[in-house]
Amino acid sequence: AIDTLLQARQVVQQLAASHALRATLHPTPLRGIGTAAHAHVSLHPAEREGAFFVAGVLAHLDALCALTLPEAASYGRVRDDAWSGGTWVAWGSQNRETPLRRVRPGRWEVRCLDGLANMYLAVAALVGAGLLGLREGSGAGTGAGVEVKDCLGECCERASSISPRGFLQHPSHADGDRAENPSRLTPEQREELGITRRLPPDIHTSLDALEHDGALAEVLGAGLVSDYVAMKRAEQTMLGGMGEEERRVWLLERY
């Protein structure tokens with residue numbers, strides 16, 4: 001699938017170039033205009049999707065962002081009310097204001113991902129985190145046994161919890177996108193849903209999280225993680241020495 005994605009990108013870029021245009025994967029190539037590369041993941045059967053996505057992906061999301069949002073420019077999209085996944089570590093059924101959106105049983109969308117990511121590494125890390133959730137069988141959140149609940153449109157009245165064994169039953173709701181933003185909830189409502197952490201605000205924070213996530217490093221390979229963190233930090237130092245427009249052009253020319 002990733003091979004096909006990269007081939008499609010090359011076709012688009014070549015067609016654009018033939019018309020003296022540039023097709024870019026920059027997350028914010030122009031002021032007020034954003035792009036992304038959300039990933040849809042299906043699990044068969046779906047009975048243990050809770051353990052995979054919540055106890056796994058959501059629990060390791062801080063570290064995963066170092067791979068899915070790999071540049072300082074990526075974090076311009078980590079904001080609320082933008083349908084970009086919001087700023088809180090949460091999940092929701094048909095909720096585009098959470099980084100993990102449950103489309104339907106067995107199908108999920110990872111929204112904290114953009115086109116600057118190395119998709120081979122990003123998807124490998126997502127799968128690895130999910131397998132950790134299946135292996136560890138613990139709840140997601142700030143610690144073992146803490147569960148993060150479904151942030152539906154009517155969050156507190158209609159929330160359903162998720163455990164490693166699967167979903168608890170909740171009232172049925174019509175299909176469609178939910179615009180409920182966890183940031184608009186009161187602290188008490190977020191606590192009731194188990195929403196206690198924010199996404200990393202910048203690449204430096206996510207790199208620190210990846211460096212200290214021993215379980216994810218074990219899955220991906222400690223050497224790969226160490227080399228990746230060192231490379232990204234050196235790159236950020238280089239980019240930090242450039243002006244804003246020079247950085248933007250540098251990324252546009254390479255992505």
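Keep in mind the model is a prediction, meaning the values are calculated, not measured.
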Salt bridge between Arg184 and Asp80, side-chain N to carboxylate O under 4.0 Å?
no
Spacing of CG belonging to Asn181 relative to CG belonging to Asn95, to within rounding of 0.5 Å:
7.5 Å
Reported CG-to-CH2 distance for the pair Leu61 and Trp88, which is rounded to 0.5 angstrom:
14.0 Å
Derivation of the side-chain contact (heavy atoms from CB on, under 4.5 Å) call for Val219 and Leu131
CA-CA 9 Å; Val219 171; Leu131 292 176; 5.8 Å; no
Let me confirm one number: the CZ-OG distance from Arg101 to Ser93, rounded to the nearest 0.5 Å.
10.0 Å
Of the non-hydrogen atoms in Gly85 and Arg111, which two are nearest, and what is the gap between them?
N-NE, 4.0 Å
Matching residue for Glu71 among Leu239, Ile203, Asp114 - test: side chain to side chain contact (heavy atoms under 4.5 Å, CB included)
Leu239
Using a side-chain heavy atom cutoff under 4.5 Å and only I, L, V, M, F, W and Y, what cluster partners does Ile33 have?
Leu30
Consider only side-chain heavy atoms of I, L, V, M, F, W and Y, link residues closer than 4.5 Å, and tell whether Met231 and Met238 are in one cluster.
no
Indicate if Val123 and Val57 have the same hydrophobic cluster label, given that clusters are the connected sets of ILVMFWY residues with side-chain heavy-atom separations under 4.5 angstrom.
yes
Of all heavy-atom pairs between Pro200 and Val78, which one has the smallest distance, and what is that distance?
O-CG1, 4.3 Å
I'd like to know if Asp62 and Arg197 make a salt bridge, using a cut-off of under 4.0 Å between side-chain N and carboxylate O.
yes
Any pair counted as side-chain hydrogen bond (donor to acceptor under 3.5 Å, both in side chains), so long as it reaches residues 199-220, sequence neighbours left out
His60-Asp213, Tyr75-Ser206, Asp202-Thr205, Asp208-Arg233, Glu211-Arg233
State, to 0.1 Å, how close Val148 and Trp91 come at their nearest heavy-atom pair, and which atoms those are.
O-NE1, 2.9 Å
Quick one: list whatever passes side-chain hydrogen bond (donor to acceptor under 3.5 Å, both in side chains) with His40, sequence neighbours left out.
Arg107
If I compare all heavy atoms of Cys65 with all of Leu199, which pair ends up nearest, and what's the gap?
SG-CD2, 4.0 Å
Side chains of Leu64 and Leu216, heavy atoms from C-beta outward: is any pair under 4.5 Å?
yes
CG/Leu132 to CZ/Phe52 distance, rounded to the nearest 0.5 angstrom?
10.0 Å
Which hydrophobic side chains are connected to Val12, either touching it within the sub-4.5 Å cutoff or through other members that do?
none
Validation row: Leu126, Val110 side chains within 4.5 angstrom (heavy atoms):
yes
If you count the non-hydrogen atoms of other residues, nucleotides and ligands that lie under 6.0 Å from CD in Glu191, is the total more than 12?
no
Heavy-atom side-chain proximity of Pro27 to Leu116 below 4.5 angstrom:
yes
Run the side-chain contact (heavy atoms from CB on, under 4.5 Å) check on Leu43 and Arg48 step by step: do they pass?
CA-CA 8 Å; Leu43 294 182; Arg48 300 190 69 189; over 6 Å; no
Do Leu5 and Val41 sit in one hydrophobic cluster, given that two such residues count as connected whenever their side-chain heavy atoms are within less than 4.5 Å of each other, even indirectly?
yes
Counting N and O atoms only, with roles assigned by atom type, does the side chain of Arg77 sit under 3.5 Å from a partner on the main chain of Thr28, one being a donor and the other an acceptor?
no
Can you check whether Leu185's main-chain N or O pairs, donor with acceptor, with Arg190's side chain at less than 3.5 Å?
yes
If you apply the rule side-chain contact (heavy atoms from CB on, under 4.5 Å), what do you find for Met119 with Arg9, and how did you get there?
CA-CA 12 Å; Met119 290 301 168; Arg9 287 179 174 179; 3.5 Å; yes
Which residue is it: Leu220, Val225, Asn118? I am looking for the one with a side chain to side chain contact (heavy atoms under 4.5 Å, CB included) to Leu67.
Leu220
Provide the full list of side-chain hydrogen bond (donor to acceptor under 3.5 Å, both in side chains) pairs with a residue in residues 240-251, sequence neighbours left out, each pair given once.
Glu245-Arg248
Taking every heavy atom of Ala90 against every heavy atom of Ile195, the minimum-distance pair comes out as CB-CD1, 3.8 Å
If you apply the rule side-chain contact (heavy atoms from CB on, under 4.5 Å), what do you find for Lys232 with Tyr228, and how did you get there?
CA-CA 6 Å; Lys232 294 304 294 185; Tyr228 178 85; 3.5 Å; yes
Side-chain cluster (under 4.5 Å, hydrophobic types only) that Val11 belongs to, other residues:
Leu15
Single-linkage hydrophobic cluster Leu6~Val127, side-chain heavy atoms < 4.5 angstrom:
yes
Is any side-chain N of the basic residue among Glu49 and Arg102 closer than 4.0 Å to the acidic one's carboxylate O?
yes
Can you tell me how far NE2 of His26 sits from CG of Leu251, rounded to the nearest 0.5 angstrom?
4.5 Å
Below 30° counts as parallel, above 60° as perpendicular, anything between as tilted: where do the rings of Phe53 and Trp108 land?
parallel
Val229 with Leu224, same ILVMFWY side-chain cluster at under 4.5 Å:
yes
Considering all heavy atoms, the nearest Thr98-Cys151 contact:
CG2-CB, 4.4 Å
